[in-house]
Trainee: 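Here it is, the structure in full.
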Amino acid sequence: MRYVILDFKEEILRKLKDYLDVPEQLIELESPPKERGEFALPCYSFAKELKNDPNEIAKKLEENLEVENGTVERAGPYLNFKIDRSYLFEETIKNCLMTEESFGRLPSKSKKILVEHTSANPNGPLHVGRARNPVIGDTLARIYEKIGYQIEKQYYVNDIGRQMAVLVWGLINLEEDDLAKVERKKKDHQLVRYYQRVNELLEEDESLEEEIQEIIQSMEMGDKETLEHFKENAEDVMEGIIESLERLNIHLDSFKNESSLIIDGSVEKLIEDLSSLENVGEEDGALYYEKEGNKTFIARENLTSLYPARDLAYHVWKAEKADELVNILGEDHKLHGEFVKEALKDLGIETIPEIIFHSFVTFEGKEMSTRKGTYVTLDDFMDTAQKKAKLEIEKRKNVEPEDMNAIAEKIGVGAVRYDIIKVQPQKPIDFKWEEALDFEGDSAPFIQYSYTRANSILEKWTGKSLDIGNLELTDSQEGEIKLIRKIAEFPRILIESGENNSPHLLAKYAHELAAEFNRFYRDYPVLHSEEKKELRIAIVKSFKFAMASVMDTLGLEKPKRM
RNA sequence: GGGCGUGUGGCCUAGUCUGGAUAUGGCGACAGCCUCCUAAGCUGUAGAACGGGGGUUCGAAUCCCCCUACGCCCGCCA
């Protein structure tokens, strides 16, 4: 697994560090404008250090540096490093044809990362806002995996707590007639109606709150029947949530129930451990953890646990399960995240989670709320996208009728994932049907379409297998090189998006790669060219493998036609 | 009141961490491209001095300070 672009960068850095007598961190490579090469070194940063004019330094470097299979060229105070085009072209094609759909994968590491994502309360179906978390988590996990880490994807099931007590009360006391009608049979859609109705009733009748509290109490005191109620309902809703996630191509490796931490005594033990800390105080019998003026209550006056304590117990447990922890959380958990990190440190635990926060998703400018029922469910979003995709497919007549539904599903679901992942996590998203269902431009169908075009050429190609050794790879043209160069960038993008927890960069790359292929497709006939047919088949194949790898990493399905 | 985040052409968005060479791409608009491998495509035109102000610097969308708009948080809820 050698990638020319990574090797090239390594070589440049090594030689620069060797040659320049300046602190290493001053040597930063950046990306120059497209045609100048792969890497650039602005010579300003260390000009002071060397007491010399950046232009002069660049001049000297240009004269004295040589790189294998590439050139060093000065442009004012910049030094541009360009890989020899034919070398880049040849090596990348060979690499793609050899590694096939695992192109871009880096050597596997022994380090294990546990990614916690979704962890939505099991009181109703996921809505579009809640879907942001799993899409970010799953995509990041796929990126880490491709970079070589061992991955476990975990869902923390908040199967106890007030929100579940509300649902439990509803199931005990309400009849089907009390509820709004819902067509979908999935249990998450069915059960959420109880949750929503009870919340309505709570606004009218305050005495209800007492009954809810009673349920919470008996649950926390470990009442078997109540706990059983909680467990059953949580499981039913989870069944629906998991089904939706699976449809989105998101598969969890493990689930951890919040209740298990109470049942096995680890919450109780944790509260004991915390009590001995200096920054844990007491107020009317209730316990709180205090840091920088922020009080976080961890136990009630009756010493039953609160969510922060339970989540902390979960992290203590998790710390043993992996080398690194990554959590995906909504921005409303920022303060809570700080609490978890600080408290873990105080407890002497070294595996502190890295937390990726994402902003909320609004729907046409309005808040989405499970409680109020003001949302677009993920299931509806996927259904609508699938239907729209089907209409588009029908227009084009490229697909056999019996494959129609399956392909529409791949396109619809891909569109949903891509629509969510293409925006950087910390930015708010306002969900609009029209934009989400736009299958042109910066969208998953655009990417999938480029893939089917490549696939279609390869299907029609009647030649035998390519003989890589005998391929004439020297006489390449500009657009061909551009495409291959874009392909070669993949490992670099993969590392960048993984290191910075920026899955949106990979989405952007996928779009650029597809666009580059579409230009190649327009400019260079493959099957209709005589002398260059084999070479172009090799290019198309390379693209197909690279794009397959990119799409897998984004969790997008790969339709053969559309 | 305090904390965190966000503000880039009419709309959406990349770049901000790690300051640097003409600010990325999409939607929409306008003008074009299917006797040729799927036009969910491609080309061109118009459109942004990067929320406002100050500062640091040879150089600021990027760093610092102030202000402003919006979101989130500051519960013996989760």
Side-chain angles (χ1 to χ4, degrees), chain A residues 25 28-33 36 40 42-45 47-48 53-54 75-78 80 121 158 160-164 216 258 283-288 292-304 306-308 310-311 330-338 357-360 362 367 389 392-393 395-399 411 415 422-424 426-430 432 434-435 438-450 452-461 500 502 504-505 507-508 511-512 514-515 517-519 521-529 536 540 561-562:
Chain A
Q25 64 270 25
E28 278 293 336
L29 289 178
E30 54 177 58
S31 299
R36 292 194 187 265
C43 298
Y44 302 94
S45 55
K48 252 183 201 157
D53 171 36
Y78 289 89
N80 294 306
N121 290 333
N158 301 116
I160 52 175
R162 197 194 129 84
Q163 81 285 351
M164 292 310 289
I216 295 175
E258 192 177 1
E283 197 175 294
D284 304 329
L287 295 177
Y288 63 82
E292 286 164 16
N294 287 311
K295 277 184 189 173
T296 306
F297 279 88
I298 53 180
R300 298 191 178 87
E301 59 179 329
N302 64 10
L303 291 186
T304 55
L306 289 160
Y307 164 78
R310 297 194 294 264
D311 198 32
E331 62 174 339
D332 53 337
H333 281 68
K334 277 180 184 170
L335 195 58
H336 172 72
E338 284 309 307
F357 295 103
H358 62 85
S359 285
F360 284 168
T362 48
E367 171 205 18
E392 296 293 328
I393 294 169
K395 276 190 214 162
R396 286 160 240 263
K397 306 188 183 80
N398 294 314
V399 170
I411 294 166
K422 70 177 177 182
V423 181
Q424 56 168 296
Q426 54 270 58
K427 234 173 165 134
I429 294 181
D430 187 28
K432 297 189 180 89
E434 200 188 326
E435 282 173 21
D438 184 357
F439 289 175
E440 291 170 14
D442 193 10
S443 68
F446 175 94
I447 292 159
Q448 290 168 318
Y449 181 62
S450 73
T452 61
R453 278 178 145 183
N455 195 67
S456 167
I457 291 174
L458 295 173
E459 271 180 4
K460 289 189 172 120
W461 181 54
N500 298 319
S502 301
H504 65 288
L505 296 181
K508 187 178 165 61
H511 176 257
E512 287 169 1
F517 179 76
N518 282 333
R519 284 188 280 269
Y521 183 93
R522 175 202 57 190
D523 293 335
Y524 304 97
V526 178
L527 300 172
H528 302 295
S529 82
R536 289 189 182 150
V540 174
R561 8 180 98 244
M562 60 191 272

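Order of the sequence lines fixes the chain letters, A, B, ..., with proteins taken first and strands second; residue numbering starts at 1 for each chain.
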Trainee: In whole angstrom, give me the gap between the P atoms of A23(B) and G32(B).
Mentor: 29 Å
Trainee: Just compare A39(B), C73(B), G5(B) and give me whichever is closest to any side-chain atom of Leu335(A).
Mentor: C73(B)
Trainee: Applying a 4.0 Å non-hydrogen cut-off, can you work out what Lys508(A) is touching in the nucleic acid: base, sugar-phosphate, or nothing?
Mentor: base
Trainee: Give Pro77(A) one of three labels, base, sugar-phosphate or nothing, depending on what nucleic acid heavy atoms sit under 4.0 Å from its own.
Mentor: nothing
Trainee: Tell me what Ala47(A) touches on the nucleic acid: a base, only sugar-phosphate, or nothing, going by heavy atoms under 4.0 Å.
Mentor: nothing
Trainee: Is Glu331(A) touching bases, backbone alone, or none of the nucleic acid, heavy atoms closer than 4.0 Å?
Mentor: base
Trainee: Out of G5(B), C42(B), C17(B), which nucleotide sits closest to the side chain of Asn500(A)?
Mentor: C17(B)
Trainee: Quick check against the 3.5 Å criterion: does Arg561(A) have a side-chain atom that pairs as donor or acceptor with the backbone of Asn398(A)?
Mentor: yes
Trainee: Between A21(B) and G5(B), how far apart are the C1' atoms? Round to whole Å, please.
Mentor: 32 Å
Trainee: Can you measure from CD1 (Ile298(A)) to CG (Leu303(A)) and round to the nearest 0.5 angstrom?
Mentor: 10.0 Å
Trainee: Please measure how far the P atom in A61(B) lies from the corresponding atom in U22(B), and state the result in whole Å.
Mentor: 12 Å
Trainee: For Phe357(A), which contact category applies under a 4.0 Å heavy-atom criterion: base, sugar-phosphate, or nothing?
Mentor: nothing
Trainee: In terms of the nearest nucleotide of RNA chain B, which residue is placed more toward the 5' end: Arg522(A) or Arg36(A)?
Mentor: Arg36(A)
Trainee: Can you see which heavy atom on Arg536(A) is nearest to which on Pro525(A), and at what distance?
Mentor: NH1-O, 2.8 Å
Trainee: Expressed in whole Å, how much space separates the C1' atoms belonging to C66(B) and C30(B)?
Mentor: 43 Å
Trainee: Need to verify one output field. Residue with the more 5' nearest nucleotide on RNA chain B, Ala40(A) or Val526(A)?
Mentor: Ala40(A)
Trainee: Send over the distance from Ile429(A) CD1 to G7(B) P, rounded to a whole Å.
Mentor: 13 Å
Trainee: Taking only Watson-Crick and G-U wobble pairs with both distances under 3.5 Å, what dot-bracket line describes RNA chain B, where [ ] shows pairs that cross earlier ones and | shows pairs with another strand?
Mentor: (((((((..(((.......[....))).(((((.......))))).....(((((..]....))))))))))))....
Trainee: Where do His504(A) and Lys422(A) come nearest, in terms of heavy atoms and distance?
Mentor: CB-O, 3.5 Å
Trainee: Roughly, in whole Å, what's the span from CG in Asp438(A) to P in U13(B)?
Mentor: 15 Å
Trainee: Checking all strands, does Asn80(A) fall into the base, sugar-phosphate, or nothing category for heavy-atom contacts under 4.0 angstrom?
Mentor: base
Trainee: Spell out, as yes or no, whether a donor-acceptor pair under 3.5 Å connects the side chain of Arg396(A) to the backbone of Glu392(A).
Mentor: yes
Trainee: Which is true for Phe360(A) with a 4.0 Å heavy-atom rule: it touches a base, it touches only sugar-phosphate, or it touches nothing?
Mentor: sugar-phosphate
Trainee: Side-chain donor-acceptor pair under 3.5 Å between Ser450(A) and Asn518(A), yes or no?
Mentor: no
Trainee: At under 4.0 Å between heavy atoms, what does Leu287(A) touch on the DNA or RNA strands: base, sugar-phosphate, or nothing?
Mentor: nothing
Trainee: What's touching nucleotides 75-78 of chain B from the protein side, N or O pairs under 3.5 Å?
Mentor:
from: C76(B); atom 1: O2; to: Glu301(A); atom 2: N; distance (Å): 2.9
from: C76(B); atom 1: N4; to: Glu283(A); atom 2: O; distance (Å): 3.3
from: C76(B); atom 1: N4; to: Asp284(A); atom 2: O; distance (Å): 3.4
from: C77(B); atom 1: OP2; to: Arg300(A); atom 2: NE; distance (Å): 2.8
from: C77(B); atom 1: OP2; to: Arg300(A); atom 2: NH2; distance (Å): 2.9
from: A78(B); atom 1: OP1; to: Arg300(A); atom 2: NH2; distance (Å): 3.4
from: A78(B); atom 1: OP2; to: Tyr307(A); atom 2: N; distance (Å): 3.3

Trainee: Please report the distance separating the P of C63(B) from the corresponding atom of U16(B), rounded so that it comes out in whole Å.
Mentor: 9 Å
Trainee: For Asn500(A) and Ser502(A), indicate whether the former's side chain and the latter's backbone hold a donor-acceptor pair under 3.5 Å.
Mentor: no
Trainee: Rounding to an integer number of Å, can you tell me how far Arg396(A) CZ sits from C34(B) P?
Mentor: 19 Å
Trainee: Any carboxylate oxygen within less than 4.0 angstrom of a Lys/Arg side-chain nitrogen, looking at Glu512(A) and Lys508(A)?
Mentor: yes
Trainee: Just compare C37(B), A14(B), G26(B) and give me whichever is closest to any side-chain atom of His511(A).
Mentor: G26(B)
Trainee: Please give, in whole Å, the distance from U43(B) P to Tyr521(A) OH?
Mentor: 15 Å
Trainee: For nucleotides C50(B) and C12(B), find the distance between their C1' atoms and express it as a whole number of Å.
Mentor: 15 Å
Trainee: For His511(A), give me all partners under ring-ring contact (aromatic ring centres under 6.0 Å, His included), at least two apart in sequence or on another chain.
Mentor: Phe446(A)
Trainee: Have a look at Ile393(A) and say if it touches a base, only the backbone sugar-phosphate, or nothing, with a 4.0 Å heavy-atom cut-off.
Mentor: base
Trainee: Could you give the NZ-to-C1' distance, from Lys460(A) to C36(B), as a whole number of Å?
Mentor: 12 Å
Trainee: With heavy atoms under 4.0 Å as the rule, sort Pro428(A) into base, sugar-phosphate or nothing.
Mentor: sugar-phosphate
Trainee: Determine: side-chain N/O of Lys427(A) to OP1/OP2 of C12(B), distance under 4.0 Å, yes or no.
Mentor: no
Trainee: Checking Thr304(A) side chain against Asn302(A) main chain: does a donor-acceptor pair fall under 3.5 Å?
Mentor: no
Trainee: Around atom CZ of Arg300(A), are there more than 12 heavy atoms of other residues, nucleotides or ligands at under 6.0 Å?
Mentor: yes
Trainee: Where does C11(B) land, syn or anti, once you apply the within-90°-of-0 test for syn?
Mentor: anti
Trainee: Between C34(B) and A48(B), how far apart are the two P atoms, rounded to whole Å?
Mentor: 32 Å
Trainee: When rounded to the nearest Å, what value does the distance between C1' atoms of G55(B) and G41(B) take?
Mentor: 49 Å
Trainee: For G15(B), does OP1 or OP2 lie under 4.0 Å from any side-chain N or O of Gln424(A)?
Mentor: yes
Trainee: Tell me: CZ of Phe446(A) to P of A40(B), nearest whole Å?
Mentor: 12 Å
Trainee: Roughly how many Å is it from CG in Asn294(A) to P in C4(B), rounded to a whole number?
Mentor: 11 Å
Trainee: Report yes if at least one side-chain N or O of Ser359(A) is closer than 4.0 Å to OP1 or OP2 of G71(B); otherwise report no.
Mentor: no
Trainee: Please report the closest heavy-atom contact between Asn80(A) and Ala40(A), naming both atoms and the distance.
Mentor: OD1-CB, 3.3 Å
Trainee: Determine the contact category for Tyr524(A): base if any of its heavy atoms lies under 4.0 Å from a base atom, sugar-phosphate if only primed atoms, P, OP1 or OP2 are that close, otherwise nothing.
Mentor: base
Trainee: The side chain of Arg519(A) is closest to which nucleotide in this list: U38(B), C42(B), C74(B)?
Mentor: C42(B)
Trainee: Between Arg453(A) and A40(B), is there a contact of a side-chain N or O with OP1 or OP2 at under 4.0 Å?
Mentor: no
Trainee: Whole-Å distance between G15(B) C1' and His504(A) NE2?
Mentor: 9 Å
Trainee: Name the nucleic acid region contacted by Asn518(A), choosing base, sugar-phosphate or nothing; use a 4.0 angstrom heavy-atom cut-off, strictly under.
Mentor: sugar-phosphate
Trainee: Quick one: does Gln448(A)'s side chain have a donor or acceptor within less than 3.5 Å of a partner on Ser443(A)'s backbone?
Mentor: no
